[in-house]
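Each remark here refers to the structure printed beneath this line.
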Amino acid sequence: MAAEGDPGGLRGWVGSVKTLDPVELMGARGKVLDELLREAGRLRDEAHGRTVTFSPKVFLPVTNLCRDHCSYCTFRKNPNDPGAWTMTVGEIRDVCRTGRRQSCQEALMCLGDKPELAFSSYRKMLREWGYDSTADYVYRACQVALEEDMLPHTNAGIMSREEMVRLRPVNASMGLMLENVSPRLREKGQAHHAAPDKEPAVRMRMLEEAGELNIPFTTGLLVGIGETLQERVDTLVAIRDLHARYGHVQEVIVQNFRAKPGTRMEGAVEVCAEEMAATVAVARLILGGEMHLQAPPNLSPDDHRLLLRAGLDDWGGVSPVTQDYINPEAPWPHLRDLQATCRAEGFELRPRLPVYREYVKPEFVAPGLLARVLAAEEKLLCLN
């Protein structure tokens with residue numbers, strides 16, 4: 001735990017930079033950054049050795065209809081927009097089947113927030129298909145994935161406790177990016193002004209309820225959307241403290257904002273490689289060596305070696321089948337290239353399941369799913 005007056009819990013951890021607080025470390029450059037990366041790498045190595053993992057997945061954008069209007073997003077659509085879609089059960093099955101032939105294990109269910117609250121035409125379509133809600137439809141999508149021998153991981157935006165209870169038996173794990181705990185980013189002119197589901201208190205409540213339900217959960221920090229360095233630290237501390245209470249946060253993503261043409265933030269400045277590395281390293285120090293820490297490799301294609309030095313131990317989901325629909329301009333790295341980079345830095349790259357090994361136990365995986373997850377885990381162990 002952090003000492004009194006040390007909200008980030010870092011003082012005394014980082015050699016000659018022990019006098020710096022977490023906010024100062026976020027801005028580290030030069031020799032200070034080098035020492036910060038060494039300490040973050042040391043913590044990672046002590047906990048995880050020289051192994052870096054990834055989850056071979058298919059990305060299933062169940063629907064890109066969304067009631068939120070984040071200032072940086074090109075994924076969300078209105079029903080009449082060009083490129084708006086809701087995947088059919090048949091399409092979901094076809095993608096899962098293709099992914100399984102390519103040795104994928106994870107079926108990532110990703111979709112917009114609460115479209116039925118905003119669009120009557122979408123509500124009508126769901127009823128015609130025989131579903132009462134988006135959560136009801138996602139449940140069926142997860143069933144289809146399981147039928148095709150895939151393990152679902154659902155990130156459906158804000159879900160109620162009841163919705164998570166319903167989806168838990170058909171999901172190996174679930175997720176929601178916290179993004180940032182600062183309510184300031186919901187103010188007019190900020191990134192989340194027109195995004196009611198990005199209210200930090202609402203997202204924190206869902207993360208807490210997931211902990212009460214013992215759901216293996218992935219969350220994270222979005223870097224570069226107008227937040228201050230202090231707000232980054234506050235977000236990581238909030239995640240750390242929540243995990244200390246419930247023990248359910250299986251992975252934390254440090255994801256860098258990418259400016260996209262046609263959005264309100266198309267002219268925003270992206271964080272540089274050094275700032276991203278410092279943020280990952282401070283995340284490692286705040287969250288501790290045991291936490292699984294990820295940075296998406298397709299969003300920093302030229303900085304994989306630097307990010308490895310910064311203390312990550314996972315690359316997240318990488319797909320040989322589907323694009324990153326949230327960042328379609330950023331292709332996944334080829335696994336041979338990622339493996340070569342890891343090897344050059346002294347790491348072994350290994351596949352993993354969407355639920356981490358530490359959570360493959362009865363208290364975290366629903367009873368009807370545990371045997372299937374254990375069998376999939378055994379296959380991976382044999383491969384490794």
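Just so it is clear, the structure is predicted and the values come from calculations on it, not from any experiment. In this chain, residues are counted from 1 in sequence order. Heavy atoms only: backbone and side chains are in, while hydrogens, waters and symmetry mates are out.
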Can you tell whether the side chains of [X] and [Y] come within less than 4.0 Å, N to carboxylate O?
X: E345; Y: R305; value: yes
X: R67; Y: D113; value: no
X: E199; Y: R203; value: no
X: R350; Y: E348; value: yes
X: D68; Y: K114; value: no

**OP:** Please examine the side chains of P297 and P333, heavy atoms only from C-beta on, and report whether any two atoms are closer than 4.5 Å.
**Re:**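 In short, these two side chains touch, coming nearer than 4.5 Å.
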For [X] and [Y], test the side chains for any donor-to-acceptor distance below 3.5 angstrom and give the result as yes or no.
X: S173; Y: H153; value: yes
X: E187; Y: H192; value: no
X: H292; Y: D314; value: no
X: T134; Y: Y122; value: yes
X: K198; Y: N180; value: no

**OP:** Show your working on side chain to side chain donor-acceptor pair (under 3.5 Å) between T218 and Q250 and close with a plain yes or no.
**Re:** CA-CA 6 Å; T218 295; Q250 65 166 4; 3.1 Å; yes
Original post:
So W85 and Y325, would you call those rings parallel, tilted or perpendicular, with 30° and 60° as cut-offs?
Top reply: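 Ring orientation, 0 to 90° scale: perpendicular.
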Original post:
Quick one: does D21's side chain have a donor or acceptor within less than 3.5 Å of a partner on E24's backbone?
Top reply: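 Answer holds: yes.
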Original post:
If only atom types and distance count, is the side chain of R284 paired as donor or acceptor with the main-chain N or O of M291 below 3.5 Å?
Top reply: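 Yes; judged by distance alone, with no hydrogens or angles, the pair exists.
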Original post:
For Y72, is the NZ or CZ atom of R258 found under 6.0 angstrom from the centre of its six-membered ring and inside 45 degrees of the ring axis?
Top reply: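 R258 over Y72 ring: no.
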Original post:
For the salt bridge (Lys or Arg N to Asp or Glu O under 4.0 Å) test, which of R232, R184, R186 pairs with E227?
Top reply: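 With E227 as partner, salt bridge (Lys or Arg N to Asp or Glu O under 4.0 Å) holds for just one option, R232.
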